[in-house]
Amino acid sequence: MDSVPNTPPGQLRRMAAVWEQVLKKGGIGPDDSFFTLGGQSVMAGTLVRAAGERFGVRIPIRSLFEYSRLGEFTDHVVGLAPPTAPTTAPPPDAVSTDAVPPDAVPPDVPLEMTAFQRRIWLAEQIDPSVRNHVPLAWSVAGRLDPDRLRVALGRLVAEHEILRTRFVDEDGGWSVRLCEPWLPSLELLDLGDATDDATDIPDGVTEWLEAALRLPFDLESGQLLRAALGEFADGRQVLLLCVHHLVIDGESIPVLLAELDRCCATQDRPRQVVQYREFAAHQREQRDSASGHTDLAYWASALEGASADTPLPAPERPEPNGAFRLPLPAGLLDSLRAVQSEHGVSWFMVAATALAVSLHRWTGLDDVTFGSPTANRNHPRFAGLLGPSLNTAVLRSGVTGDSTVLDVLLRMRGEALGALEHQAVEFDDVLNHVKPARRFGHTPYVNVTLNMNLLDDHVAVLDGARLTPLLIDELRSDYAKFGLTVTMVQLEGRLIGLVSHRGDQLGAEDARELADRLAGLLARFPEALDEPVLRRD
């Protein structure tokens with residue numbers, strides 16, 4: 001590896017090792033850019049956290065976007081490091097005393113919910129028809145043994161309190177308690193002959209997941225996980241799970257699979273893990289901290305004067321919820337690398353820009369807001385947490401008659417970085433502080449939502465078999481929570497766009513019109529940077 005001016009070769013090698021581990025690429029050189037290597041916002045948080053631990057210094061996430069090449073980023077970090085910063089990484093088996101979890105608590109001792117859990121729980125109390133279920137499906141390359149999988153599921157539940165957490169309604173309030181370890185049942189499905197088209201999802205898979213989504217969980221039971229193992233006539237398998245959102249989110253899926261694999265691989269006594277109640281306690285402490293007040297002040301300033309609702313053209317009569325794929329061209333990720341590298345933006349920032357411009361043009365408004373889920377896992381202690389850590393950030397786009405697409409891109413860059421730096425404060429606390437106007441069935445500021453789902457990170461190994469995620473589009477209409485949700489899925493190097501909408505707030509024809517605008521802008525994005533935003537087309 002070549003060195004660059006002002007960068008000691010040893011420091012550059014140490015930083016390259018961090019980049020290679022996070023980006024899962026080898027041979028990274030000093031001139032390689034985080035963005036051309038496939039980096040995105042979620043990876044950025046992981047990378048700066050890992051680099052900060054390696055070099056003994058706190059690195060703002062903004063630094064990676066301002067110094068996006070390995071050499072210049074290393075220079076910047078070395079300049080930040082105090083003279084006493086460690087020069088070698090701690091041994092891999094070193095465990096901080098801070099990371100040792102407390103002793104287990106007995107059942108029926110009241111615990112506390114996180115703000116995310118309270119919001120999910122309350123939604124189901126208000127409307128029992130709401131289903132906050134998370135359907136998961138993987139194709140299996142190799143073989144999973146049903147008996148070993150059942151045992152592993154039981155061990156997983158025993159070790160992770162979140163999978164045996166009861167949500168109890170007491171006199172109109174809520175309480176969280178634990179139940180004793182329980183053994184999830186594993187339903188065995190005979191899926192018959194495999195479909196000839198590898199892109200099609202077998203009917204039996206969809207039927208099981210649809211049934212699991214329709215069937216409510218008993219929140220007081222503490223048993224909020226269902227599992228099935230399907231087998232084709234030719235011996236191939238699929239693994240299916242349905243888990244309640246109260247106990248899992250997208251960031252937890254890789255953790256769940258890794259822990260399940262460990263439970264399959266070893267039969268020794270359960271090990272201590274960081275429990276979800278510790279995360280809940282950490283969030284409570286953050287709320288009352290100086291940084292929590294700073295974060296709250298940031299959001300109050302960022303949302304001052306913003307409309308709480310991005311209007312959607314509701315149909316005259318409510319329609320069924322809908323879901324469909326966004327028509328994205330092949331090779332889109334590759335076509336955007338130069339834009340990302342030149343302007344120091346992630347793929348998420350490009351997608352946010354395209355959505356903002358599409359909303360401006362569609363509504364004719366010069367000020368729009370939309371939401372995006374974030375994961376509050378910046379503290380190293382909770383990087384491997386099993387349980388929902390989701391929060392919601394608001395992105396705001398304001399334009400004038402002279403604004404171009406590039407202007408919005410730079411605005412979204414700042415908005416996204418600000419959101420990442422101040423994401424610890426709970427969205428509910430922000431709403432309680434700024435007190436926006438509310439409309440039944442609409443979530444203020446985020447009734448349009450952009451979600452990035454990086455399934456590349458969810459490809460996993462379980463008991464020697466390789467699991468690859470399956471996308472089942474039609475299920476998304478069953479749990480559309482917002483007026484409009486745009487999800488970008490990166491799977492095995494391909495970018496897939498998914499749109500879901502609530503039929504009482506947005507008709508199918510209008511949803512497809514907006515989707516076509518969004519897809520068209522993304523397809524020509526590098527050439528569209530000089531286009532005016534508020535053009536009429």
Side-chain angles (χ1 to χ4, degrees), residues 41 306-307 309-315 322-329 332-333 335-336 339-340 343 345-373 393-416 419 442 445-453 476 480 482-489 495-502 505-537:
S41 300
S307 171
D309 194 21
T310 296
L312 300 173
F324 54 89
R325 290 209 178 192
L326 200 63
L328 297 178
L332 180 58
L333 282 174
S335 72
L336 294 170
V339 172
Q340 292 179 248
H343 298 288
V345 295
S346 66
W347 158 243
F348 171 81
M349 295 169 188
V350 172
T353 299
L355 179 58
V357 170
S358 299
L359 289 172
H360 282 303
R361 291 174 174 173
W362 199 44
T363 64
L365 298 175
D366 59 7
D367 192 356
V368 297
T369 63
F370 54 94
S372 182
V394 181
L395 302 179
R396 182 180 183 182
S397 177
V399 297
T400 67
D402 297 328
S403 296
T404 64
V405 173
L406 177 58
D407 292 330
V408 178
L409 178 64
L410 299 179
R411 169 72 181 257
M412 286 298 102
R413 181 183 186 272
E415 289 283 307
H442 295 67
Y445 304 116
V446 300
N447 203 45
V448 175
T449 292
L450 174 64
N451 182 31
M452 303 299 287
N453 193 339
R476 294 184 173 271
F482 303 103
L484 176 71
T485 301
V486 178
T487 301
M488 296 295 182
V489 178
L495 194 66
I496 301 169
L498 303 166
V499 176
S500 62
H501 62 97
R502 283 182 51 168
Q505 297 186 25
L506 182 64
E509 184 176 348
D510 286 321
R512 288 193 178 274
E513 178 187 343
L514 178 59
D516 287 342
R517 287 173 178 261
L518 174 60
L521 179 55
L522 285 170
R524 66 175 194 281
F525 196 86
E527 296 78 35
L529 293 178
D530 292 330
E531 289 181 4
V533 173
L534 294 178
R535 69 180 190 180
R536 298 295 178 182
D537 56 8

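When a residue number appears, it is its place in the shown sequence, counting from 1. Keep in mind that what you see is a predicted model, and the values were worked out from it rather than measured.
- Among pairs with a residue in residues 349-360, those fulfilling side chain to side chain donor-acceptor pair (under 3.5 Å) read H360-S397, at least two apart in sequence or across chains.
- Counting only heavy atoms from C-beta outward, the side chains of V368 and T363 approach each other to under 4.5 Å.
- Under the side-chain contact (heavy atoms from CB on, under 4.5 Å) criterion, T404 pairs with L406, D407, sequence neighbours left out.
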Quick one, V350 with H343, criterion side chain to side chain contact (heavy atoms under 4.5 Å, CB included). Give me CA distance, side-chain angles, the key distance, then yes/no. CA-CA 10 Å; V350 172; H343 298 288; over 6 Å; no

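- Nearest approach of G497 to M488, heavy atoms of both residues: CA-SD, 4.0 Å.
- In plain terms, the two heavy atoms of G507 and P315 that are nearest each other are N-CD, 3.7 Å.
- Taking every heavy atom of both residues into account, V446 and A393 meet most closely at CG1-O, 4.3 Å.
- Between L409 and V345 there is a side-chain heavy-atom pair separated by less than 4.5 Å.
- Counting non-hydrogen atoms of other residues, nucleotides and ligands closer than 6.0 Å to CD of E527 gives a total above 12.
- Taking OG1 of T369 as the reference point, atom CG of L395 lies at 9.0 Å (rounded to 0.5 Å).
- Partners of S403 under the side-chain hydrogen bond (donor to acceptor under 3.5 Å, both in side chains) rule, at least two apart in sequence or in another chain, are T400.
- In terms of the side-chain contact (heavy atoms from CB on, under 4.5 Å) criterion, residue partners of P311 (sequence neighbours excluded) are, by chain and number, L365.
- In this structure the side chain of L359 reaches within 4.5 angstrom of the side chain of F370, judged on heavy atoms.
- Between L450 and F348, the closest side-chain pair of non-hydrogen atoms falls below 4.5 Å.
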Mind running side chain to side chain contact (heavy atoms under 4.5 Å, CB included) on L514 and D516 for me, showing each step along the way? CA-CA 5 Å; L514 178 59; D516 287 342; over 6 Å; no

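- Between the side chain of T449 and the backbone N or O of S372 there is no donor-acceptor pair closer than 3.5 Å.
- A donor-acceptor pair under 3.5 Å is absent between the side-chain atoms of S500 and the main chain of A323, judged by distance alone.
- At distances below 3.5 Å, not a single donor-acceptor pair connects side-chain atoms of R502 with backbone N or O atoms of L484.
- For D309, the salt bridge (charged side-chain N to carboxylate O under 4.0 Å, His left out) partners at least two apart in sequence or on another chain are R439.
- Taking each heavy atom of W362 and P313 in turn, the nearest pair found is CH2-CD, 3.5 Å.
- Proximity of E415 to M349: side-chain heavy atoms (C-beta onward) are nowhere separated by under 4.5 Å.
- A 4.5 Å side-chain heavy-atom check between F525 and V405 finds at least one atom pair inside the cut-off.
- A distance of 5.0 Å separates CD in E531 from CZ in R361, rounded to the nearest 0.5 Å.
- Closest non-hydrogen pair, L326 versus A519, comes out as CG-CB, 4.1 Å.
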Given side chain to side chain contact (heavy atoms under 4.5 Å, CB included), test W347 with L495 step by step and report yes or no. CA-CA 10 Å; W347 158 243; L495 194 66; 2.9 Å; yes

Side chain to side chain contact (heavy atoms under 4.5 Å, CB included) assessment of T485 paired with V499: CA-CA 6 Å; T485 301; V499 176; over 6 Å; no

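- A heavy-atom distance below 4.5 Å is found between the side chains of L498 and V489.
- Among all heavy-atom pairs drawn from A515 and F324, the shortest one is CB-CE1, 3.6 Å.
- Of the options L312, L506, N447, a side-chain contact (heavy atoms from CB on, under 4.5 Å) to F482 is made by N447 and by none of the others.
- With sequence neighbours left out, R396 forms a salt bridge (charged side-chain N to carboxylate O under 4.0 Å, His left out) with D367.
- With contacts defined as side-chain heavy-atom distances shorter than 4.5 Å, the pair V533/V408 qualifies.
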